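To start, the structure itself, in structure tokens.
Protein chains get the first letters and strands the later ones, always in sequence-line order, with residue 1 at the start of each. Model, not experiment: these values are computed from the prediction. Heavy atoms only: backbone and side chains are in, while hydrogens, waters and symmetry mates are out.
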There are 2 protein chains.
Amino acid sequence: MGVKCRNCPIRKLPLFDPMTSDEVEFMEHFKVGELSISPGAPILSEGGNTPQIYTALSGMGLRYKLLEDGRRQVISLVLPGDFIGLQAGVMNQMTHSVEATTSMRLCVFDRSELWNLFRTQPERAFDLTWLAANEERFLGEALAALGQRDAYELLAWALARIWRKLEALQMTNGDTTSLPYRQQDLADAMGLSLVHTNKTLAKLRAARLAIWADGKLTVPDIEELEEAGLCRDTPLGSRPLI
Amino acid sequence: MGVKCRNCPIRKLPLFDPMTSDEVEFMEHFKVGELSISPGAPILSEGGNTPQIYTALSGMGLRYKLLEDGRRQVISLVLPGDFIGLQAGVMNQMTHSVEATTSMRLCVFDRSELWNLFRTQPERAFDLTWLAANEERFLGEALAALGQRDAYELLAWALARIWRKLEALQMTNGDTTSLPYRQQDLADAMGLSLVHTNKTLAKLRAARLAIWADGKLTVPDIEELEEAGLCRDTPLGSRPLI
DNA sequence: CGCTATTTTGAACACCGTCAATCGCAGTGG
DNA sequence: CCACTGCGATTGACGGTGTTCAAAATAGCG
């Protein structure tokens with residue numbers, strides 16, 4: 001059934017708050033298994049109500065919503081350590097879908113045990129609320145980005161945010177990291193057309209702010225990129241892991 | 001110090017989940033007072049860390065973020081029953097500001113008691129997480145709206161959502177309701193210019209889908225408006241009140 | 001060597017932003 | 001009573017950012 005939480009590959013990253021041995025023990029009870037899925041596979045569907053909720057262990061995915069006419073809005077990326085299915089857990093209803101972009105490994109929890117978590121582990125419950133509030137924070141920022149920035153600023157903002165997150169996850173290697181999404185994915189996240197996204201990425205490349213090609217992102221100078229993206233906020237401190 | 005929770009003017013609305021007498025009692029302990037503020041007054045500031053968190057009892061307000069160059073993104077409206085300061089409560093940091101648009105009455109809670117809530121009232125803690133997840137749901141929807149809809153669809157969407165919410169709060173009167181915001185507020189919420197917002201509102205008015213003037217919104221047929229706004233989702237069931 | 005998915009490029013057009021002026025209204029003070 | 005002021009709503013003209021349509025490279029894959 002995969003690794004025990006005490007040997008969790010990502011728990012030790014400095015990005016995540018340390019856990020007491022008591023908490024680790026509870027998590028080992030809460031965890032019911034591991035799931036490996038293939039690129040393109042759906043994880044949760046909008047409107048659905050699955051008995052299982054997850055934490056991403058490895059790989060990358062997408063959260064998105066579909067409009068009836070087929071337009072797609074990518075809400076956020078799913079990266080290791082991200083909790084998947086909070087809405088299903090507390091509201092019995094997903095309002096967006098989640099799918100794997102690369103192959104992924106997921107830590108599986110039993111939704112019906114969530115109430116038990118609130119009853120017996122108030123600190124873990126607090127952490128869960130922290131994660132929800134953090135998601136709200138991110139979406140607020142994204143909303144401000146879509147609403148107020150032009151395409152060039154917007155893509156610089158997005159790539160800078162992604163870079164910082166991958167950096168905190170120690171998934172960068174020098175000035176390069178793997179970013180296995182398609183331009184269409186980023187376009188749908190930014191509310192831009194594919195064509196315009198492509199041309200604007202070319203400008204960022206020409207400016208040597210961010211070079212994204214063949215699934216690899218290279219950022220020569222993250223601070224310059226952040227400046228281009230008007231990234232004022234977000235020191236990105238440590239956070240809980242569920 | 002204002003009304004006791006047992007006499008709370010909004011708790012009885014069908015929009016809100018019923019509370020056990022035990023919960024009401026806890027809330028009366030949790031509540032430390034009431035606050036009345038004037039139009040335009042700030043409630044919470046981005047970056048701030050106040051000792052107090054609130055629930056709106058009456059009046060209307062705005063959540064917003066400012067970019068360094070003065071551009072403003074309105075995140076959401078604040079209406080009666082809305083919880084204010086969840087981020088400050090769990091993350092010690094507001095990432096947006098909140099201000100009153102009309103005069104407002106707020107129910108005041110002591111932030112330091114929040115941990116006590118998690119420890120002794122798991123159901124209330126669950127409700128708080130529910131509210132956070134709901135906020136995430138709304139912001140995801142808003143993101144999809146800004147990213148995918150054109151100005152006409154977008155404003156129809158926004159006015160329809162507002163109408164449905166006010167309807168659930170029993171603040172509508174026939175086909176009319178009070179909506180005391182400026183066009184600039186809605187423009188900043190939609191990421192549109194004031195001029196274009198004005199012209200698009202004129203089109204909605206000409207189409208007799210939504211007539212908004214002098215602080216009054218009239219919606220002859222909410223379902224037609226929702227259709228114009230591509231509102232597929234959101235039955236808007238009952239929710240907890242903190 | 002086709003086949004498909006993705007990226008790239010070009011051209012025409014439209015939605016929306018900016019600039020600028022006007023109008024209505026409420027408040028203020030001469 | 002009537003300028004004067006300020007705020008918000010409204011309208012017109014013009015230009016630019018971003019969309020749509022279309023086609024051509026490019027790359028992986030059976």
(message) Check the phosphate of D:dA9 against B:R205, side-chain N and O only, distance under 4.0 Å to OP1 or OP2. Yes or no?
(response) no
(message) Taking side-chain hydrogen bond (donor to acceptor under 3.5 Å, both in side chains) as the definition, give me every residue that meets it alongside B:Q73, ordered by chain and number, with sequence neighbours left out.
(response) A:Q148
(request) Send over the distance from A:Q183 CD to D:dT19 C1', rounded to a whole Å. (result) 16 Å
(request) Please report how far the helix from C:dC1-D:dG30 to C:dG30-D:dC1 bends, comparing the axis fitted to its first five pairs with the axis fitted to its last five, to the nearest 10 degrees. (result) 20°
(request) Give the B/S/- string for nucleotides 23-30 of chain D, one per nucleotide from 5' to 3', where a protein heavy atom under 4.0 Å of the base yields B, of only the sugar-phosphate yields S, and otherwise -. (result) --------
(message) Has A:R111 got a side-chain atom pairing as donor or acceptor with A:T50's backbone, closer than 3.5 angstrom?
(response) yes
(message) Please report the distance, rounded to the nearest Å, between CD1 in A:I211 and P in C:dT8.
(response) 13 Å
(request) Measure across B:L209 and B:V219 and return the closest heavy-atom pair with its distance rounded to 0.1 Å. (result) O-CG1, 3.9 Å
(request) May I ask you to decide if B:G229's main-chain N or O and B:Y152's side chain share a donor-acceptor pair within less than 3.5 Å? (result) no
(message) Quick one about A:S45 and A:S97 (side-chain donor to acceptor, distance below 3.5 Å, no hydrogens or angles considered), yes or no?
(response) no
(message) Checking side-chain hydrogen bond (donor to acceptor under 3.5 Å, both in side chains) between A:Q87 and each of A:N92, A:T95, A:N49, which is the one that passes?
(response) A:T95
(request) Could you pull out all residues at least two apart from B:R208 that satisfy side-chain hydrogen bond (donor to acceptor under 3.5 Å, both in side chains)? (result) none
(request) Report yes if a side-chain nitrogen or oxygen of B:Q184 is closer than 4.0 Å to either non-bridging phosphate oxygen (OP1 or OP2) of D:dC7; otherwise report no. (result) no
(request) Using atom types as modelled and distance alone, determine if a side-chain donor or acceptor of A:S76 lies under 3.5 Å from a backbone N or O of A:R63. (result) no
(request) Sequence neighbours left out, what passes side-chain hydrogen bond (donor to acceptor under 3.5 Å, both in side chains) with A:D175? Give chain and number order. (result) none
(request) Using a 4.0 Å heavy-atom cut-off, write out nucleotides 14-22 of chain C from 5' to 3' as B (base contacted by protein), S (sugar-phosphate only) or - (no contact). (result) --BSBB---
(request) Just compare D:dT10, C:dT8, D:dG8 and give me whichever is closest to any side-chain atom of B:R182. (result) D:dG8
(message) Measure CG/A:D185 against P/C:dT7 and give the value in whole Å, please.
(response) 8 Å
(message) Taking 4.0 Å as the cut-off, does a side-chain nitrogen or oxygen of B:N198 come that near to OP1 or OP2 on D:dT10?
(response) yes
(request) Specify the closest pair of heavy atoms between A:L79 and A:Y181, including all atoms of both residues, with the distance to one decimal. (result) CD2-OH, 4.2 Å
(request) May I have the distance from B:L179 (atom CG) to D:dA9 (atom C1'), rounded to whole angstrom? (result) 15 Å
(message) Can you measure B:D188 atom CG to D:dG8 atom C1' for me and round it to whole angstrom units?
(response) 14 Å
(request) Show your reasoning for whether salt bridge (Lys or Arg N to Asp or Glu O under 4.0 Å) applies to B:R71 and B:D69. (result) CA-CA 6 Å; B:R71 283 180 279 184; B:D69 59 5; 2.8 Å; yes
